[in-house]
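Structure, as structure tokens:
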Amino acid sequence: MKLTRTANRSLRTFHTVILIVALSAVAFGQMGGSPPPEKTTAVYGQNIHYIEAGQGPAVILLHGLGGTKEAWGANFAPLASKYHVYALDQLGSGNSDKPLIDYKIATWSDFLRGFMQSQNIPKATVVGNSLGGWIATEFAVQHPEMVDKLVLVDAAGLAGKIQGFPADISIDLNPSTIAAWRTLLESIFYDKSGVTDELAMHLFTNRMRNNDGYTIERALAGFAARPQFEDDKLKSIHAPTLVLWGRNDELISVDSAERFRRGIPGAKVVVFEHCGHVPQVEKPEEFNRALLEFLGG
């Protein structure tokens, strides 16, 4: 993608920061070159797409519900300068296979274990945003020997009245119209100035291409049908844990950050001011600084 001088200037604006979610090549270009080549590995007979770069201890990035590996576009290069970083399209998302199953947190945890085995990764730091944080938490509970450190970013997974997971669903987490996409975007970001009809249309188009609506529908149905929450399991996690949160998250209240801190022995919390549900996108410099400091500590 060749950018004009005007486009390069616009990359410095928040409007284009939001486009990290949709335009991976632009995002990775800003952080130090083209995105790494996409790779594929077979996990339990399913093709899982991912990117990797860097050398050193392994760091695995898990996106949220309806997301893709491109959600980490502003974080990948800074991390890869010191670590061997992997960003996955998790099962049922992005370019990875989408079997017609009931998607459970334990399903994704199993596939994370299978992915690590396929890459000969005995142990890794696992970083998860939203649903990815829920999966990372479950993985740390079930496979503590495989988790070096745990980083939870506006993570789902605790019981209670948290909008959309699954109580009081007033925002459509599986949008199938452009208008619904705009509403969801406005709930995700603190600064709503970059949320435009053009962006909503772009993500709507991506949703049709990715064909992940079934995955989201079955995941949400599973949350409502059978509790999978982590509250009573947190005390069993002994990996060093960092909880990162946007102060103004409208989907999962910042109160949950404190609940994770109280539940996980020794967990530390960093809260980003004027920030919503995806601090790795909305506050990338602060996010990267906090994450790298924790990983190097």
Would you say that [X] contacts [Y] through its side chain, given a criterion of any heavy-atom pair below 4.5 Å between the two side chains?
X	Y	result
Ile60	Met116	yes
Phe223	Leu131	yes
Leu62	Phe139	no
Ile48	Asp97	no
Leu234	Thr137	yes
Leu291	Val151	yes
Arg218	Lys104	no
Gln46	Pro99	yes

How many angstroms lie between [atom1] in [X] and [atom2] in [Y], if you round to the nearest 0.5 Å?
X	Y	atom1	atom2	result
Glu250	Ile171	CD	CD1	6.5 Å
Leu244	Leu152	CG	CG	8.5 Å
Gln228	Ile135	CD	CD1	10.0 Å
Arg259	Arg261	CZ	CZ	13.5 Å
Ile178	Leu199	CD1	CG	11.5 Å
Glu217	Leu173	CD	CG	12.5 Å

Pair [X] + [Y], salt bridge at N-O below 4.0 Å:
X	Y	answer
Glu286	Arg289	no
Arg182	Asp197	yes
Glu186	Lys192	no
Glu145	Lys123	no

Between the main-chain N or O of [Y] and the side-chain N or O of [X], is there a donor-acceptor pair closer than 3.5 Å?
X	Y	value
Asn174	Gly213	yes
Thr205	Met201	yes
Thr241	Ala239	yes
Asp249	Cys275	no
Glu282	Asp191	yes
Asp212	Gly92	no
Glu230	Leu158	no
Ser109	Ala106	no
Asp89	Ile51	no
Asn129	Val153	yes

Please tell me whether [X] and [Y] have a donor and an acceptor in their side chains that are separated by less than 3.5 angstrom.
X	Y	answer
Thr68	Ser93	no
Tyr190	Glu273	no
Arg209	Asn206	yes
Ser130	His277	yes

* Where does the angle between the aromatic ring planes of Phe287 and Trp72 fall among parallel (under 30°), tilted (30 to 60°) and perpendicular (over 60°)? -> tilted
Counting the benzene-type ring for Trp, do [X] and [Y] have ring centres under 6.0 Å apart?
X	Y	value
Tyr86	His84	yes
Phe229	Trp134	yes
Phe272	Trp245	no

* Asked: Cationic tip of Lys149 within the cone over Phe294's six-membered ring, i.e. under 6.0 Å and within 45° of the normal?
  ->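 Judged by the rule (NZ or CZ under 6.0 Å from the ring centre, within 45° of its axis), Lys149 counts as positioned above Phe294.
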* Asked: Of Gln90, Gln119, Lys69, which is the lone residue that meets side chain to side chain donor-acceptor pair (under 3.5 Å) with Tyr50?
  ->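 The single option meeting the side chain to side chain donor-acceptor pair (under 3.5 Å) with Tyr50 is Gln119.
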* Which atom of Leu150 lies closest to which atom of Ala140, heavy atoms considered ->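 Looks like CD2-CB, 4.1 Å.
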